[in-house]
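Below you'll find the structure, written out as structure tokens, and then a few comments.
Values below: every heavy atom of this structure, side chains too, minus hydrogens, waters and symmetry copies.
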Amino acid sequence: HVQLVESGGGSVQPGGSLILSCTVSGDTYGGTYGSSCLGWFRQAPGKEREWVAAVTRTHTPYYADSVKGRFTISRVDSNTLWLSMHDLRPDDTATYFCAYRTETCESTMTGTAFFDFWGQGTQVTV
């Protein structure tokens with residue numbers, strides 16, 4: 001089992017910035033954290049959970065069109081994932097979730113079903 005804990009959410013004015021962090025722990029399937037894919041999703045009230053970004057074990061990032069150029073996903077170390085968010089807009093307001101996939105990912109893997117473990121989420125309000 002893999003545990004994911006998000007932090008760094010909060011309230012910010014439009015145009016502002018936030019950095020979300022996700023700490024990964026637990027049984028990463030034989031210690032192969034490096035073989036996994038990590039992603040961020042978000043969910044606004046009354047809406048479905050939406051894919052935001054993902055990063056492969058080789059640090060290849062993928063982004064939703066709505067955040068491309070404003071958000072940056074990065075695997076900081078073996079236990080930490082960041083989402084750097086800039087030029088935030090009111091429609092970025094949502095609960096942001098960190099997600100873990102036990103295998104690598106591709107740009108087309110944007111559905112929640114592709115990811116195996118989830119954090120509890122952190123709220124971002126713009």
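- Residues Val2 and Tyr96 share a single hydrophobic cluster, defined by chaining ILVMFWY side chains whose heavy atoms lie under 4.5 Å apart.
- Aromatic ring centroids of Trp118 and Phe41 lie under 6.0 Å apart.
- Under a hydrophobic clustering in which Ile, Leu, Val, Met, Phe, Trp and Tyr are joined whenever their side-chain heavy atoms come within less than 4.5 Å, directly or via other members, Leu81 and Val67 fall into the same cluster.
- Between Gly26 and Gln3, the shortest heavy-atom contact is CA-OE1, 3.4 Å.
- Linking Ile, Leu, Val, Met, Phe, Trp and Tyr residues whenever their side-chain heavy atoms come within less than 4.5 Å leaves Tyr62 and Val55 in two separate clusters.
- Here the options are Val12, Leu18, Asp92, the test is side chain to side chain contact (heavy atoms under 4.5 Å, CB included), and the partner is Met85; only Leu18 passes.
- Cys98 is listed as a side-chain neighbour of Trp40, based on a closest heavy-atom distance under 4.5 Å.
- Among pairs with a residue in residues 117-126, none fulfils salt bridge (charged side-chain N to carboxylate O under 4.0 Å, His left out), at least two apart in sequence or across chains.
- The two residues Ile73 and Tyr63 make their nearest non-hydrogen contact at N-OH, 2.9 Å.
- In this model, no donor atom of one side chain and acceptor atom of the other lie less than 3.5 Å apart for Arg89 and Ser66.
- Here the side chain of Arg57 pairs no donor or acceptor atom with the backbone of Glu103 at under 3.5 angstrom.
- With rounding to the nearest 0.5 angstrom, the CD atom of Glu50 is 10.0 Å from the OG1 atom of Thr110.
- Under the 4.5 Å side-chain criterion, counting only non-hydrogen atoms from C-beta, Arg42 is not in contact with Leu83.
- Residues Trp51 and Tyr100 are members of separate hydrophobic clusters, defined by side-chain heavy-atom contacts under 4.5 angstrom among Ile, Leu, Val, Met, Phe, Trp and Tyr.
- Rounding to the nearest 0.5 Å gives a distance of 7.5 Å between CG of Leu4 and OG of Ser25.
- Contact annotation: the side chain of Thr102 approaches that of Phe117 to within less than 4.5 Å [non-hydrogen atoms, C-beta and beyond].
- Side-chain atoms of Gln43 and Phe97, non-hydrogen and from C-beta on, do get closer than 4.5 Å to each other.
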Considering only distance and modelled atom types, tabulate donor-acceptor pairs under 3.5 Å from the side chains of residues 119-126, sequence neighbours left out.
{"residue": "Thr122", "atom": "OG1", "partner": "Gly9", "partner atom": "N", "Å": "3.2"}
{"residue": "Gln123", "atom": "OE1", "partner": "Thr95", "partner atom": "OG1", "Å": "2.9"}
{"residue": "Gln123", "atom": "NE2", "partner": "Thr125", "partner atom": "OG1", "Å": "3.4"}

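- A donor-acceptor pair under 3.5 Å is formed between the side chain of Arg101 and the backbone N or O of Phe114.
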Could you go step by step and tell me if Phe71 and Asp87 meet the side chain to side chain contact (heavy atoms under 4.5 Å, CB included) rule? CA-CA 9 Å; Phe71 290 11; Asp87 190 23; over 6 Å; no
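- Using a 4.5 Å heavy-atom cutoff, the side chains of Ser21 and Ile19 are not in contact.
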